[in-house]
Amino acid sequence: MSNSSSITQFLLLAFADTRELQLLHFWLFLGIYLAALLGNGLIITAIACDHRLHTPMYFFLLDLGSISTTLSKSLVNSLWDTRAICYTGCAAQVFLFVFFISAEYCLLTIMPYDRYVAICKPLHYGTLLGSRPCVQMAAAAWGTGFFYALLHTANTFSLPLCHGNAVDQFFCEIPQILKLSCSDTYLREAGLIVVSILVVFSCFVFIVVSYVQIFRAVLRIPSQQGRHKAFSTCLPHLAVVSLFLITVMFTYLKPPSISSPPLNLVVAVLYSVVPPSVNPLIYSMRNQQLKDAVWKLITRCFSGAINFICVAVTM
């Protein structure tokens, strides 16, 4: 039996047992990661370049932290055929993952308020959601994420571990680390998780109430085009929130009887990798203003590249 003081590294779950499948997973997830970086990067640049998009709804779209925290180490391990992550690296991964996930959910909770003010109180939008309130709300979201991450990381890695160092997940996930605990002290962290779930549920109630008010206001809009435009800005957010909540709740509330490494891996990919990857597609698919800004940016970059090549050839 070992304890946490003698553990210097953890062994993460590999995506596959054979080297060929490991490399296949490496290239697959590298493609997903690069697509997420490209998509989010295009949206960030388009928002920065187009003053019409300098609103809270677009200010809160940035989402690259969770996928960078979880997938980068897994990609390195798959490439070099290893499963190891050092103790401090695992603690850092837990802290960063909880930080980004908590902050992301706080921002997802704030976004319905932005839509509520824009649709139900448009004359007060500049006052209620100016630059200063946006910065304050974003700071509150990141501050909450930092507090939660610090609390959960300190509590998890203060537990004595004596059931080995093999983590049944492709990154350091708190429920999988708790399984390595050798005493009932894990109940302390389990209690924190229950409190966190209650907070998440409260935020969910706030989101639902906000959208009930929004949809009541939208249905009173006489113009069909106006209703369509209002719904097009709300439905993508609902899709992202639904995917995020369903997978996170399943991860932390599923009964042990249906828990298995393959299932845990699939669910973890769904809530840590898929949302950042599909966010650019979901948010831009039904938002003509954002699509126009991204297309203008791509056209401008392509034209600049063509002009540079022509100048270089003629020199």
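One-based numbering along the sequence shown. If you're wondering where the values come from, they're calculated on a predicted model, not measured in any experiment.
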> Of all residues at least two apart in sequence or in a different chain, which pass the side-chain contact (heavy atoms from CB on, under 4.5 Å) check with Leu28?
Replying inline: Ile32
> Quick one: does Tyr148's side chain get under 4.5 Å of His152's, heavy atoms only?
Replying inline: yes
> Do Tyr105 and Ile101 touch side chain to side chain, with heavy atoms closer than 4.5 Å?
Replying inline: no
>> Using side chain to side chain contact (heavy atoms under 4.5 Å, CB included), reason through Ile177 and Val94 one step at a time and then give a plain yes or no.
In response: CA-CA 10 Å; Ile177 297 175; Val94 167; 3.8 Å; yes
>> If hydrophobic clusters are built by linking Ile, Leu, Val, Met, Phe, Trp and Tyr wherever their side-chain heavy atoms come under 4.5 Å apart, do Leu11 and Leu178 end up in the same one?
In response: no
> Sequence neighbours excluded, which residues qualify as side-chain contact (heavy atoms from CB on, under 4.5 Å) partners of Val212?
Replying inline: Val208, Arg216
> What's in the same ILVMFWY side-chain cluster as Leu24, cut-off under 4.5 Å, chained through other members?
Replying inline: Leu21
>> Which heavy atom of Ile110 sits nearest to which heavy atom of Ala141, and what is that distance?
In response: CD1-CB, 4.4 Å
>> A side-chain contact here means heavy atoms from C-beta on lying under 4.5 Å apart; do Leu12 and Phe170 qualify?
In response: no
>> For the NE2 atom of His25 and the CD atom of Glu20, what is their distance to the nearest 0.5 Å?
In response: 12.5 Å
> Listed by chain and number, what are the side-chain contact (heavy atoms from CB on, under 4.5 Å) partners of Val209, not counting sequence neighbours?
Replying inline: Val205
>> Using a 6.0 Å cut-off, check whether atom CZ of Phe215 has over 12 heavy atoms from anything other than its own residue.
In response: yes
> Which pair of non-hydrogen atoms, one from Thr82 and one from Ala84, has the smallest distance, and what is that distance?
Replying inline: OG1-N, 3.3 Å
> If you round to the nearest 0.5 Å, how far is CZ of Phe171 from CD of Gln176?
Replying inline: 8.5 Å
> Heavy-atom distance under 4.5 Å between the side chains of Ile85 and Gln9, does that happen here?
Replying inline: no
>> With a sphere of 6.0 Å drawn around CZ of Phe204, does it hold more than 12 non-hydrogen atoms of other residues, nucleotides or ligands?
In response: no
> Listed by chain and number, what are the side-chain contact (heavy atoms from CB on, under 4.5 Å) partners of Leu23, not counting sequence neighbours?
Replying inline: Arg19
>> Just verifying a value: how many Å separate Gln169 CD and Thr70 OG1, rounded to the nearest 0.5 Å?
In response: 9.5 Å
> Nearest 0.5 Å, what's the NZ-CZ distance between Lys73 and Arg83?
Replying inline: 12.5 Å
>> Going by ring pair (Phe, Tyr, Trp, His ring centres under 6.0 Å), name the residues that satisfy it together with Phe29, two or more places apart in sequence or in a different chain.
In response: Phe15
> About how many Å separate CG of Leu79 and CG of Leu30, when rounded to the nearest 0.5 Å?
Replying inline: 9.0 Å
>> For Phe206, give me all partners under ring pair (Phe, Tyr, Trp, His ring centres under 6.0 Å), at least two apart in sequence or on another chain.
In response: none
>> Going by the rule ring pair (Phe, Tyr, Trp, His ring centres under 6.0 Å), which residues pair with Tyr116 if we only count those two or more places apart in sequence or in a different chain?
In response: none
>> Can you tell me how far apart CD1 (Ile207) and OG1 (Thr109) are? Round to the nearest 0.5 Å.
In response: 4.0 Å
> Taking the side chain as C-beta and beyond, is there a heavy-atom pair between Tyr33 and Ser68 under 4.5 Å?
Replying inline: yes
> Between Ala149 and Val98, what is the shortest heavy-atom contact and its length?
Replying inline: CA-CG1, 3.6 Å
> Hey, is Cys172 close enough to Cys90 that the SGs sit under 2.5 Å?
Replying inline: yes
>> Any non-hydrogen side-chain atom of Ile67 less than 4.5 Å from a side-chain atom of Phe100?
In response: no
> Can you check side chain to side chain contact (heavy atoms under 4.5 Å, CB included) on Leu75 and Ser72, steps first, answer last?
Replying inline: CA-CA 5 Å; Leu75 288 172; Ser72 55; 5.6 Å; no
> Just by distance, do the side chain of Ser102 and the backbone of Phe99 share a donor-acceptor pair under 3.5 Å?
Replying inline: no
